[in-house]
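Okay, so here's the structure we're looking at.
Order of the sequence lines sets the chain letters (A, B, ...), proteins ahead of strands, with each chain counted from 1. Because the structure is predicted, anything quoted here is derived from the model rather than measured.
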Amino acid sequence: MSADSRLRPVESEDVLPLALMLADPSLVGRRGLHEDRPGPRSVASISRSLEKLVDPEHGAAWVVEADGIVGLVTSIWWWDALIPWANVVIDPVRQRQGHGTAAARAVLDHFFENTPALAVEYAAPSWDADALSFADSLGGDRTGIRRREGVRRGRYFDGVHFALRRSTWEARHAAGR
Amino acid sequence: MSSSVSGRCERTICRCSSRLRNDLATQAWSRTLPPDYTVEMMRRRYWDRDFSYRRDDGIFVIEVKDTAEAAGTASYSEVIDRMEAAWGIAVDQRFWGSGVAHDAGDALLRFLFEELGLRVVRLYTQTENERAVAAFRKLGFREAVRVPLAIFKGGRHADNLSMDILREEWYAIHPHLEDRMIDPFR
C-alpha cells in the first residue's frame, strides 16, 4: 500500500459510509457487490448487500482507508480458492490519487502470499477506458470477454476479463516489480 | 433418444440430484465436494423453497420420453430480468451420448429465450470435461473467458471456462422460430 492508505476488514460501522459512496451513479456496474444489479440502487439496498461483507462466506472484503474511507475491495472464491475474484472500487472524488493501484497490488500480494491462489481474476467494463487501462497496468492477461454484461447509455456493453497468474506475479516480484 | 424437461415429484428429483452430486464425473469440483449428498439434503434444498414472484432460479428433471426415466437435471440461476441467466445441466453417465443432454439443454434454452426473454445465457465449466464442452458448443455456446490451468479436478489441472450464447445466435440455429422480441439496444 502507499504510505497514506491501507486495507482493513469491513466493520459494521463502515456499512453506511460505504453505501453512500457506492450509491454514486458513476459506479453503476463497478460496485463489486455479489449479485449486484447494473443500475442505480438506494443507499438502503446497498447497505443490505454490504452487511454481508462484514462476515462474508467464501470471500473477503476490505475497506481502503486513507484519511477516511476512500474505497472498497471485495473478493470471492465461490467455486475454487485457486482462482479468487477481486474488485477494487474507489470513491469517485478520490480517484486518480494512487489509491486504486495501491489497493489492487495489496490484495494481489495478499492472495499470492497468504493463499493457494494460482490466478486472481478481475474485470472492467468495455466502455470504461480508464478502468481497462488500470486493469492492464496490473500485469494480468486478458482472458476473454463476457458479452452483454449490462446496458449503458442505450447500448450493450461487455465485460473484459483479466487474470494475473501466480507465475507472472512471482516474476514481477523477482524483478522488483 | 428424446427427452423432456419437467418438474417431477419430490422423491424423483431428489434421488436424481443426489446421485448426480455423488458421482465425481457429473458434479463439479472443490466447493461441492465431498460426494456425501443425501436425498434429504436435496429435499431441503429444493422442496423447502417458498412461493415467490421474485424467482431467479429453477431446476427440472430431465425425463426420457419413452421410459419416463430420470436422466439428469437442467437448471438456471442468477437471473437478471430480461437480460441474462446462468444455465447448467447434469446427466447421469448411463445416458451420455444418447442425445438427452442436447435435447434437454436446448429445451431449457428455448424456455429462457422465448419465455424469460433473456438476451444472453451463460455457463461455467472446466476444460477437462471435454464431452460437456463439445456438447455446449453443439448447442451454440461460445467460449467467453478461459483461465489456463487455474482449477484442479481429478488429480490434474484444467482451464476454468465460461461460455455464453446470445439470443440471436440461438434463433439463428433454430430458423423455424422467429424472434419477435423487441430489442431496444441493438
Side-chain angles (χ1 to χ4, degrees), chain A residues 28-29 33-39 41 45 57-59 76-86 111-112 115-124 126-127 135 140-169, chain B residues 27-33 54 56-57 77-86 88 112-113 117-129 140-154 156-170 183-186:
Chain A
V28 168
L33 301 175
H34 185 52
E35 296 184 350
D36 196 15
R37 303 281 164 144
R41 289 177 62 186
S45 170
E57 183 180 11
H58 310 315
I76 189 165
W77 47 89
W78 203 93
W79 270 121
D80 198 323
L82 297 181
I83 44 170
W85 170 272
F111 278 119
F112 291 125
T115 82
L118 294 180
V120 179
E121 290 191 277
Y122 47 96
S126 57
W127 58 265
D141 300 316
R142 293 195 179 206
T143 53
I145 289 175
R146 270 167 50 110
R147 299 177 292 173
R148 294 187 182 170
E149 275 214 327
V151 175
R152 182 175 183 270
R153 295 183 179 172
R155 298 185 64 182
Y156 290 116
F157 67 84
D158 300 329
V160 182
H161 284 235
F162 300 79
L164 180 68
R165 299 176 70 174
R166 176 175 286 273
S167 56
T168 305
W169 178 85
Chain B
Q27 76 144 307
W29 66 92
S30 186
R31 187 65 67 194
T32 55
L33 297 174
R54 298 181 66 183
D56 67 356
D57 63 7
S77 59
E78 301 175 20
V79 170
I80 297 178
D81 295 340
R82 303 299 197 191
M83 282 295 293
E84 69 170 78
L112 295 174
F113 288 125
L118 303 182
R119 318 291 173 159
V120 57
V121 175
R122 311 187 196 282
L123 68 83
Y124 304 92
T125 187
Q126 44 88 17
T127 51
E128 277 294 296
N129 199 354
F141 283 96
R142 300 183 184 187
E143 182 172 323
V145 179
R146 177 190 289 249
V147 184
L149 304 177
I151 69 158
F152 188 76
K153 175 176 168 56
R156 53 186 170 179
H157 282 284
D159 299 352
N160 190 48
L161 184 65
S162 71
M163 306 176 80
D164 58 29
I165 180 171
L166 305 182
R167 68 178 290 116
E168 61 266 34
E169 292 170 349
W170 186 81
D183 187 339
F185 306 123
R186 288 183 65 202

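- Using a 4.5 Å cut-off between heavy atoms, B:N160 touches chain A through its side chain atoms alone.
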side-chain contact (heavy atoms from CB on, under 4.5 Å) evaluation trace for A:R146 with B:V120
CA-CA 10 Å; A:R146 270 167 50 110; B:V120 57; over 6 Å; no
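- For the options B:R186, B:E143, B:E78, heavy-atom pairs under 4.5 Å to chain A are most numerous at B:R186.
- Here the closest heavy-atom approach between residue A:I145 and residue B:V145 is recorded as N-CG2, 3.9 Å.
- Interface residue B:D183: only side-chain heavy atoms are found under 4.5 Å from chain A.
- In this structure, B:S30 has no side-chain hydrogen bond (donor to acceptor under 3.5 Å, both in side chains) partners at least two apart in sequence or on a different chain.
- In this structure, chain A has no heavy atom under 4.5 Å from any part of B:L161.
- Residue with the most contacts toward chain A among B:E84, B:R146, B:R142: B:R146 (heavy-atom pairs, distance under 4.5 Å).
- Looking only at heavy-atom pairs under 4.5 Å with chain B, the residue among A:E149, A:R142, A:R147, A:E121 that has the most is A:R147.
- For the atom pair CD1 of A:I83 and CD1 of B:I151, the computed distance is 6.5 Å after rounding to the nearest 0.5 Å.
- Of all heavy-atom pairs spanning A:L82 and B:A150, the tightest one is CB-O, 3.2 Å.
- Only the side chain of B:Y124 comes within contact range of chain A, judged by heavy atoms closer than 4.5 Å.
- Under the 4.0 Å criterion applied to side-chain N and carboxylate O atoms, A:R148 and B:E169 are not assigned as salt-bridge partners.
- Residues satisfying the ring-ring contact (aromatic ring centres under 6.0 Å, His included) test with B:F185, not counting sequence neighbours, are A:Y156.
- Qualifying side-chain hydrogen bond (donor to acceptor under 3.5 Å, both in side chains) partners for B:W29, counting only residues two or more places apart in sequence or in other chains: A:D80.
- The contact list for residues 157-166 of chain A toward chain B, using heavy atoms and a distance under 4.5 Å, reads A:H161, A:A163, A:R165 by residue number.
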From CA spacing to verdict: side-chain contact (heavy atoms from CB on, under 4.5 Å), A:W79, B:T32:
CA-CA 8 Å; A:W79 270 121; B:T32 55; 3.6 Å; yes
